[in-house]
There are 2 protein chains.
Amino acid sequence: MKGERKEEILATASMLFSERGYNAVSMRDLAEALGIKAASLYNHIDSKKELLSTIVLSVAEEFTEGMNEIISSKTRTEEKLKAVIDLHVKITVEKSTDLYSLNNDWMHLKEPELSYFLDMRSCYEDNFRKILKQGVKLKEIEKLNIEVMLFSILSSLRRLNQWYSKKKGISESELSKQMKHVLLKGIIQN
Amino acid sequence: MKGERKEEILATASMLFSERGYNAVSMRDLAEALGIKAASLYNHIDSKKELLSTIVLSVAEEFTEGMNEIISSKTRTEEKLKAVIDLHVKITVEKSTDLYSLNNDWMHLKEPELSYFLDMRSCYEDNFRKILKQGVKLKEIEKLNIEVMLFSILSSLRRLNQWYSKKKGISESELSKQMKHVLLKGIIQN
DNA sequence: GTCTATAAAATGATAGAC
DNA sequence: GTCTATCATTTTATAGAC
C-alpha cells in the first residue's frame, strides 16, 4: 500500500498529532481534516498505529543514519558536536511535526516497533555520549558530568521544533549558528 | 472535597500520567493502581479533568511565584539566571511526575483552566525574556538572539525531569551546579 | 476510492445497595 | 467509602453497496 494519497494522510496525521497528541486524535478527526469519512482511510492504511510507527520510525532512522556518519568522521570534538546540531536543525526545519510524535508519543508504539525505536534511541544517545567522553579525554571540552551535558544539549535540540514553528524571522543557517554558540559556548559574557 | 485519600489519588494519577500520558490512562487504570473500583474514585473527585488541572496548575503556580521573586530581586543577571536554574532543579526533584503533565498534557486542560495556564506560561517566559534582555543591555551576557537563548535554556530545564528520575547518583546541589555551568558557560574548553 | 451501516470494545460518569 | 450494575458516548475497524 503506497501512493500519494497515503502520503497526504500521513502528513495530515503528523500535523494533528503534533497539535493534540496521538491519543487525542480520532480516525474521524483525521478523516474530517482530509474531507473524507473515517472508513475510507482504511483503503489506504491498515490501522491507526501504523500511522504513528511510520511517522516515528522514519525520523528515528534519519537521526540514526546522520549520527552514524558523524561518529565515523575523523574530525575534532567541536566539529562533531556542530554536526550533531546541524543534523537536528535540519530535521527540525524539514519535519517539524513528525518530531512531536517522536518526542511525545513514542510510548504508544506497539511491539516490535517499540523495541526497534528504543534500540535506535539508546544507540543514538550512546554515540553522543562517546563524542562527549572523547572530548573530555582530549581536553577539548570541559570536565563536567557527562549525563548532564548529554541530556541538557539533547533536550534543547529535541524541543527545537516546539518553538521554531511559531517563531518566524530566523533562517536555518542563522538558527544553526546561534544554537552552536548557546549550546557549546554558553551565554555568559567572558 | 479534600483529604489524604484525594492526595493519594492525585499522586497516583500524576505517576500514571507521567508514564503513559493523560489520555492513555483510564479511570479504571487509575482505580486499579489504587486497589479500588473506578466508581469509587468519584467519591473523592468530580472528574478526570479535575485531576489534570489540579496537577498542572499547582506546579505552574509554583513556577510563577518563584519567578516573581527572582524578577523583583535586585541582583546581577548571572545571579538571576542561577536562581531560575535552582528553581527548576528544586521543583524537578520535588515534583518530578507533575512536571510531565505540565510539559506534555497541558493542552488537554479545558477552559477556563486552559487560559489561566497559558497566561501563567506567557508571563513566565516574558519575565525570563526580560532577564536576558537586560543582561544583554548591561553587557553581562552575550549579544545573541533572545528567543534562541530563552528556548534553548528553557527546554533543558523543562526536560530535566525526564532523565533525572532514571539517573541516580547525583545530588540536587551537584545537579544545580553542573546545570549552571553547562547552560551558562557552555561545554567547550576555553 | 468513497460511502452507509454497524460491530465490538473501551471510556467517563451516575444510581443506588451495603 | 466501596461496591455492582449500568448508561451514554466514543473509539477503531470491518462489510458490502455504489
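First the proteins, then the strands, lettered A, B, ... as listed; each starts at 1.
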Inset, instruction - Can you tell me the distance, in whole Å, between the CZ atom of B/Arg20 and the P atom of C/dT11? - result: 10 Å
Inset, instruction - Starting at the 5' end of nucleotides 3-18 of chain D, put B wherever the base has a protein heavy atom under 4.0 Å, S where only the sugar-phosphate does, and a dash everywhere else. - result: BB------BBBBB---
What pairs with [X] under salt bridge (charged side-chain N to carboxylate O under 4.0 Å, His left out), at least two apart in sequence or on another chain?
X	result
B/Lys110	none
A/Lys82	A/Glu78
B/Glu62	B/Lys95
A/Glu94	A/Lys90

Inset, instruction - For A/Glu8, check side chain to side chain donor-acceptor pair (under 3.5 Å) against everything at least two apart and list the hits. - result: A/Arg5
Return all side-chain donor-acceptor pairs below 3.5 angstrom for residues 116-123 of chain B, not counting sequence neighbours, or 'none' if the list is empty.
unit_1, atom_1, unit_2, atom_2, d
B/Tyr116, OH, B/Glu61, OE2, 2.6
B/Ser122, OG, B/Leu118, O, 3.1

Inset, instruction - Using a cut-off of strictly less than 4.0 Å between a heavy atom of the residue and any atom of DNA chain C, enumerate the qualifying residues of residues 101-109 of chain B by number. - result: none
Legend entry - Ionic contact status for A/Arg129 with A/Glu147, cut-off 4.0 Å: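 So A/Glu147 pairs with A/Arg129 through a salt bridge.
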I'd like a table of donor-acceptor pairs (distance under 3.5 Å, sequence neighbours excluded) in which one partner is a side-chain atom from residues 132-142 of chain A, with atom names and distances.
unit_1, atom_1, unit_2, atom_2, d
A/Glu140, OE1, A/Thr77, N, 2.9
A/Glu140, OE1, A/Thr77, OG1, 2.6

